[in-house]
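Only this structure's heavy atoms are used, side chains among them; waters, hydrogens and symmetry mates stay out.
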There are 4 protein chains.
Amino acid sequence: VNPIQKLAEYFSRFPGIGPRQSMRFVYFLLSRDKAYLDELASLIQDIRNQISICTSCFRHFTKNKSENGACNICANTGRDGTKLLVVARDADFESIEKTKSYDGLYFVLGSTIPILEPEPEKVVRLNELLQRIDKEKNITEIIIAMSANPEGENTEDVLREVLRDIALHRTLTITRLGRGLSTGVELEYSDSDTLKNALTGRKE
Amino acid sequence: VNPIQKLAEYFSRFPGIGPRQSMRFVYFLLSRDKAYLDELASLIQDIRNQISICTSCFRHFTKNKSENGACNICANTGRDGTKLLVVARDADFESIEKTKSYDGLYFVLGSTIPILEPEPEKVVRLNELLQRIDKEKNITEIIIAMSANPEGENTEDVLREVLRDIALHRTLTITRLGRGLSTGVELEYSDSDTLKNALTGRKE
Amino acid sequence: VNPIQKLAEYFSRFPGIGPRQSMRFVYFLLSRDKAYLDELASLIQDIRNQISICTSCFRHFTKNKSENGACNICANTGRDGTKLLVVARDADFESIEKTKSYDGLYFVLGSTIPILEPEPEKVVRLNELLQRIDKEKNITEIIIAMSANPEGENTEDVLREVLRDIALHRTLTITRLGRGLSTGVELEYSDSDTLKNALTGRKE
Amino acid sequence: VNPIQKLAEYFSRFPGIGPRQSMRFVYFLLSRDKAYLDELASLIQDIRNQISICTSCFRHFTKNKSENGACNICANTGRDGTKLLVVARDADFESIEKTKSYDGLYFVLGSTIPILEPEPEKVVRLNELLQRIDKEKNITEIIIAMSANPEGENTEDVLREVLRDIALHRTLTITRLGRGLSTGVELEYSDSDTLKNALTGRKE
């Protein structure tokens with residue numbers, strides 16, 4: 001087997017990479033020196049040893065001895081333990097954390113829930129979410145932070161349904177991110193739903 | 001002069017139309033029958049006679065004898081006269097009205113205000129807006145409905161400044177459209193401002 | 001009926017124009033003065049009176065008394081009457097003429113021939129083309145100048161078939177435009193057909 | 001240092017990859033099993049050991065003992081040794097070879113030559129090309145196969161200049177790939193240069 005083709009085939013499985021760009025990656029690597037290739041290879045090989053999944057919020061984080069499987073945010077007693085913000089993926093967590101406007105805790109589902117998915121608990125961490133809420137009695141608000149697209153809406157619908165029971169037995173508010181005009185959006189090109197939300201959510 | 005070129009030149013001044021598409025328009029017209037061309041020409045010639053600018057909200061509307069220069073919305077006593085929503089252009093008015101979620105009155109500025117514009121009252125209807133608010137004493141809320149882009153923000157800033165004085169002497173709340181996730185927007189690709197607004201504007 | 005909507009509806013039939021842009025056209029016209037609208041209307045109304053279709057090549061041209069229905073190119077005895085270049089549309093004729101590299105005559109089919117079209121002679125001027133070739137005995141080359149896409153290829157195939165008979169009875173070469181790398185095209189992103197043609201058509 | 005960030009930083013140097021996509025790559029790898037990561041790492045580490053640069057045409061190829069540094073094409077006595085096709089990069093070589101329409105030999109320059117580059121022999125293998133032509137006396141045609149863009153044109157110009165001397169002392173034809181309509185290109189949107197070439201290069 002041709003090693004160029006073989007490596008290109010591996011890269012072509014990367015998200016968003018087609019056969020042409022994967023070939024470019026290989027030629028790019030062939031133009032690098034041995035030190036670069038060795039370092040890249042060792043980073044790839046070690047990434048899973050160095051990164052843990054937090055046992056509490058399930059996001060990826062750099063392993064460290066001291067904190068018994070919890071990430072630095074879950075272990076941080078300074079965060080507001082009454083709020084739990086649920087995201088689909090690590091990248092969404094990062095976007096929210098970057099705003100520096102949220103001081104509560106997180107939960108990473110693992111992905112969104114496809115529409116008409118018959119067994120959502122098999123594609124995302126629904127059971128783990130319920131267990132965590134059940135265990136942490138001081139949580140009083142669940143913030144569902146999904147993208148404003150059909151799969152995000154579906155994920156929110158499923159979450160609201162599975163959370164309904166718990167919400168009956170204790171004080172638990174379920175909220176979603178506010179809808180309105182996103183930065184850069186023009187009024188003229190906005191759909192009626194967005195404008196309706198922007199009108200009802202208007203602020204001084 | 002070549003009439004094809006001459007007509008194409010007129011079309012090339014239409015918004016968003018380049019020289020190539022304007023030529024296509026001419027060939028398209030040459031392929032239509034005489035009735036179509038006559039009707040189109042007469043619609044263009046009459047459009048200004050048939051359309052008035054409302055003396056109250058300054059939007060374009062189909063002329064009618066009965067209402068003394070006011071459009072059907074301004075003349076409609078069923079609308080909520082305590083709210084005045086300010087838009088830049090007719091197209092924005094139409095987007096809002098299409099939501100069927102707003103029952104107040106409107107004001108069309110004419111355009112947005114360019115950043116650093118030294119004489120904003122010469123590019124938009126600032127004086128007319130102030131006069132209208134001054135005259136209609138039952139207005140208690142001004143809703144600034146601008147696009148979420150720099151020129152929209154600038155227009156809002158200027159409006160808030162010119163409205164400050166009036167707001168001191170009577171009960172007048174100045175609001176803006178709510179910010180948050182627009183339909184279709186993905187969390188991962190949202191800027192921190194949008195997410196901050198989505199977080200603070202979260203809803204049950 | 002609302003005249004704004006009605007005029008917008010006319011514009012929305014223009015090639016490449018959707019409902020949103022057609023509304024913009026109307027508001028653009030409402031912002032022009034009466035002289036502009038009158039002139040535009042009269043240009044539209046007169047365009048068919050001022051433009052003829054050449055009885056020989058069928059392209060549109062500005063009417064003039066002297067030349068008995070033939071356009072300035074067909075009437076120009078300085079052009080090379082042994083070559084007839086066949087295009088689908090007036091815009092294609094203009095692109096070729098702009099090269100200043102062709103001194104023969106033209107024929108405008110009216111459009112391309114859709115794939116599997118059962119009656120091509122009803123959608124393009126096949127009969128008129130045959131008649132012209134039959135009449136002009138000094139034509140020795142027919143240059144088929146179609147776009148390099150499936151409908152262009154199909155049009156060429158149909159033309160070659162209908163011209164086969166005539167070509168048997170007199171000296172008539174049927175050619176097509178050369179294929180190869182178009183300006184701006186990168187080798188890496190070229191399909192094998194284009195590269196094959198570029199290889200066989202290589203030049204010093 | 002955070003290993004996720006560090007690995008992302010490596011991926012962000014890959015051609016065409018921004019910071020966001022490089023993070024996605026890392027999360028993608030975190031979702032793979034150990035076998036996949038080990039295999040990918042070992043492919044990356046070994047790629048330079050398994051791939052040689054041909055001492056004759058300078059393209060990358062899978063190392064093999066038997067052929068003394070020459071790739072399978074250069075070592076193939078069945079290829080036509082009178083033709084040498086010069087490309088900028090390996091990917092261009094692959095595009096040409098995929099046409100199955102060329103049976104001569106190749107030479108990979110390494111890249112194109114930037115416009116106004118004062119020392120082209122330092123950015124591409126000009127000297128190596130001259131040495132090869134000098135050594136292989138049965139080469140009678142050099143085919144310059146560059147992209148149809150400014151840097152491709154410049155590379156061709158420089159090549160023609162450095163080859164002029166050799167061409168004076170032996171029979172050596174310098175050709176370029178044919179220009180014309182590329183697959184998919186529409187006549188109406190073609191520039192005059194492309195159409196001029198398509199006209200002069202017309203074929204039966």
Side-chain angles (χ1 to χ4, degrees), chain C residues 83 85 87-104 112 141-153 155 160 167 172-204, chain D residues 83 85 87-104 112 141-153 155 160 167 172-204:
Chain C
K83 285 181 286 184
L85 187 145
V87 291
R89 274 173 275 262
D90 283 273
D92 300 329
F93 151 78
E94 275 164 33
S95 293
I96 300 277
E97 192 62 11
K98 220 183 296 172
T99 66
K100 292 181 185 156
S101 300
Y102 178 70
D103 66 347
T112 45
E141 179 181 0
I142 307 289
I143 303 164
I144 303 176
M146 297 294 140
S147 294
N149 55 25
E151 204 160 309
E153 306 272 0
T155 306
R160 284 188 182 273
L172 195 63
T173 312
I174 319 280
T175 59
R176 66 184 305 192
L177 291 186
R179 297 291 168 84
L181 296 183
S182 291
T183 303
V185 161
E186 288 181 46
L187 210 61
E188 187 186 345
Y189 298 112
S190 297
D191 62 310
S192 281
D193 261 8
T194 295
L195 288 178
K196 224 179 275 189
N197 285 312
L199 275 167
T200 56
R202 65 187 187 267
K203 306 204 333 183
E204 291 195 36
Chain D
K83 288 180 286 185
L85 188 145
V87 292
R89 274 173 274 262
D90 283 272
D92 300 329
F93 151 77
E94 276 163 32
S95 294
I96 299 277
E97 192 62 9
K98 221 184 294 173
T99 66
K100 293 181 184 154
S101 301
Y102 177 69
D103 65 348
T112 45
E141 179 180 0
I142 308 289
I143 303 164
I144 303 176
M146 297 294 141
S147 294
N149 55 25
E151 204 159 308
E153 307 271 0
T155 306
R160 285 187 181 273
L172 197 61
T173 313
I174 319 279
T175 59
R176 65 185 305 190
L177 290 185
R179 297 291 170 85
L181 296 184
S182 292
T183 303
V185 160
E186 289 181 46
L187 210 63
E188 187 185 347
Y189 298 111
S190 297
D191 62 310
S192 280
D193 262 8
T194 295
L195 288 178
K196 224 179 275 189
N197 286 311
L199 275 167
T200 56
R202 65 186 186 269
K203 305 206 332 185
E204 289 195 37

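Side-chain contact between D:Leu187 and C:Leu177 is present, with at least one heavy-atom pair separated by less than 4.5 Å.
If you tally non-hydrogen atom pairs under 4.5 Å between each of D:Thr99, D:Thr194, D:Leu181 and chain C, the highest count goes to D:Leu181. The greatest number of non-hydrogen atom pairs below 4.5 Å with chain C, out of D:Asn197, D:Asp193, D:Ile174, is found for D:Ile174. For the set D:Gly180, D:Ala198, D:Ser190, D:Gly201, the count of heavy-atom pairs under 4.5 angstrom toward chain C peaks at D:Gly180. Of the listed residues (D:Ser101, D:Gly184, D:Ser182), the greatest number of heavy-atom pairs within a distance under 4.5 Å of chain C belongs to D:Ser182. Among the candidates D:Met146, D:Lys196, D:Glu153, the residue making the largest number of heavy-atom pairs closer than 4.5 Å to chain C is D:Lys196.
Within the 4.5 angstrom heavy-atom criterion, only side-chain atoms of C:Ile143, from C-beta onward, approach chain D. Heavy atoms closer than 4.5 Å to chain C are found nowhere in D:Ala88, neither backbone nor side chain. Only the side chain of C:Leu85 comes within less than 4.5 Å of a heavy atom of chain D; its backbone N, CA, C and O stay farther away.
Under the side chain to side chain contact (heavy atoms under 4.5 Å, CB included) criterion, C:Ser95 pairs with D:Leu195, not counting sequence neighbours.
Nearest heavy-atom pair across D:Ser147 and C:Glu186 is OG-CA, 3.3 Å. Between D:Arg160 and C:Glu204, the shortest heavy-atom contact is NH2-C, 3.7 Å.
Sorted by first and then second residue, the salt bridge (Lys or Arg N to Asp or Glu O under 4.0 Å) pairs involving residues 88-101 of chain D (not counting sequence neighbours) are D:Arg79-D:Glu97.
Residues D:Asp191 and C:Thr183 have side chains that bring a donor and an acceptor to within less than 3.5 angstrom of each other.
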